[in-house]
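Here's the structure, in structure tokens; my notes come after.
Residue numbers begin at 1 in each chain, while the letters A, B, ... track the order of the sequences. None of the values given here were measured: they were computed from a predicted structure. These numbers come from the heavy atoms of this one structure, side chains and all, not from hydrogens, waters or symmetry mates.
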Amino acid sequence: MKILDYTFYKRSTVLAAKGLLGKLLFHKTKEGMASGIIIETEAYLGENDPASHAARKKTPRNSAMFEYPGISYVYFIYGNHYCFNVVAHNGGAGAVLIRALEPYEGIELMRKRRAKNNLKELANGPGKLTQALKIEREHNKLSLIESNLRIYDLGIKIKEEEILKTSRIGIKAGKELPYRFFLKDNPYVSKK
DNA sequence: TGCCTGATCGGCT
DNA sequence: GCCGATCAGGCAC
């Protein structure tokens with residue numbers, strides 16, 4: 001089991017979004033560790049993607065998307081929730097939104113944080129998985145290679161035909177772009 | 001300085 | 001299926 005290195009993130013955002021399926025998102029805190037297998041992602045590109053925070057100018061909020069690949073981009077949304085993204089691009093800007101996890105380790109801790117018992121309800125949505133893994137504002141712009149927030153390669157091989165693609169969820173502009181990717185028949189996807 | 005809106009969730013009908 | 005919670009960033013004035 002090895003940590004993904006910079007070369008994984010320094011390539012097209014769409015390829016990284018597909019490549020992250022089957023990888024393990026891991027977070028260690030004082031409470032303990034928790035992790036889950038990434039089973040649903042969305043790609044958000046730079047200036048030519050109207051749905052992306054990076055479609056406009058660099059600001060304090062979206063600045064992570066313009067920085068070097070392999071760091072986190074965490075933002076607060078709807079007054080209630082955090083969303084976790086992985087910065088991945090080949091120059092310019094871009095990030096991959098992690099939309100759902102299959103719980104792997106630290107399941108009791110996730111149950112406690114989520115106040116839910118059902119395994120399927122622990123991390124089957126972008127706001128849910130940040131709550132389950134305790135990813136918050138302070139975890140913005142962390143190195144996913146050198147911090148306690150990491151992504152591992154478990155050696156799971158995903159075949160092209162196991163990846164389904166649709167338009168992205170919850171956006172207004174850019175609905176025609178097929179940048180949402182998830183694993184076929186996986187019971188932990190956020191929406192059908 | 002003020003207003004508007006969002007890459008969501010969960011509870012209620 | 002619909003709607004309210006809740007707040008900070010971004011932009012208009």
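When the side-chain nitrogen and oxygen atoms of A:Arg114 are compared with OP1 and OP2 of B:dG10, one or more of them lie within a distance under 4.0 Å. Between A:Lys128 and the phosphate of B:dT8, there is no side-chain N or O to OP1/OP2 separation shorter than 4.0 Å. For C:dG9, the OP1/OP2 oxygens have no side-chain nitrogen or oxygen of A:Thr59 closer than 4.0 Å.
Atom C1' of nucleotide C:dC7 and atom NE2 of A:His81 are separated by 12 Å, given to the nearest angstrom. Residue A:Asn62 contributes atom CG, which lies 16 Å from atom P of B:dG6 at whole-angstrom precision. Computed from coordinates, the A:Lys120 NZ to B:dC9 C1' distance equals 19 Å when rounded to whole Å. To the nearest angstrom, C1' of B:dG11 lies 13 Å from CD of A:Glu121. At whole-Å resolution of the value, CD1 in A:Ile77 and C1' in C:dC7 are 10 Å apart. The CZ atom of A:Arg56 sits 9 Å away from the C1' atom of C:dC11 (whole-angstrom rounding). Computed from coordinates, the A:Asn124 CG to B:dT8 P distance equals 13 Å when rounded to whole Å. Taking atom CG of A:Asn118 as the reference point, atom P of B:dC9 lies 15 Å away to the nearest angstrom.
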Candidate pair A:Tyr73 and A:Tyr75, rule ring pair (Phe, Tyr, Trp, His ring centres under 6.0 Å), full reasoning: CA-CA 7 Å; A:Tyr73 169 40; A:Tyr75 63 87; 5.3 Å; yes
Check against side chain to side chain donor-acceptor pair (under 3.5 Å), A:Ser190 and A:Lys128: CA-CA 10 Å; A:Ser190 64; A:Lys128 298 179 189 178; over 6 Å; no
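With P as the reference atom, B:dC12 and C:dT6 are 15 Å apart, rounded to whole Å. One C1' atom belongs to B:dT5, the other to C:dC3, and the distance between them is 16 Å to the nearest Å. Comparing the same atom, C1', in C:dA8 and in B:dG10 gives a spacing of 22 Å after rounding to whole Å.
When heavy atoms are screened at a 4.0 angstrom cut-off, A:Ile171 is found touching the sugar-phosphate backbone but no base atom. Within 4.0 Å (heavy atoms only), A:Tyr44 reaches at least one base atom of the nucleic acid. Here A:Arg61 lies in heavy-atom contact (under 4.0 Å) with sugar-phosphate atoms only. Within the nucleic acid shown, A:Gly79 comes within 4.0 Å of at least one base atom, counting heavy atoms only.
Side-chain atoms of A:Arg113 and A:Gln131 form no donor-acceptor pair, as typed in the model, at a separation below 3.5 Å. If you check the side chains of A:Arg111 and A:Asn117, you find a donor sitting under 3.5 Å from an acceptor.
The side-chain ring of A:Tyr78 is not stacked on the base of B:dG6, judged by centre separation under 5.5 angstrom and plane angle under 30 degrees.
Nearest-nucleotide positions on DNA chain B place A:Phe76 closer to the 5' end than the other of A:Leu129 and A:Phe76.
One cannot find a donor-acceptor pair under 3.5 Å joining the base of C:dA8 and the side-chain atoms of A:Tyr75.
Side chains of A:Phe76 and A:His81 form no contact here, defined as non-hydrogen atoms less than 4.5 Å apart. Side-chain contact between A:Tyr6 and A:Tyr68: present, with at least one pair of heavy atoms (C-beta onward) separated by less than 4.5 Å.
With a 3.5 Å ceiling on both atom-pair distances, C:dT6 lacks any Watson-Crick or G-U wobble partner.
Side chain of A:Pro60, nearest nucleotide from B:dG10, C:dG10, B:dA7: C:dG10. For A:Asn80, the side-chain atoms get nearest to C:dT6 when compared with the rest of C:dT6, B:dG10, C:dG9.
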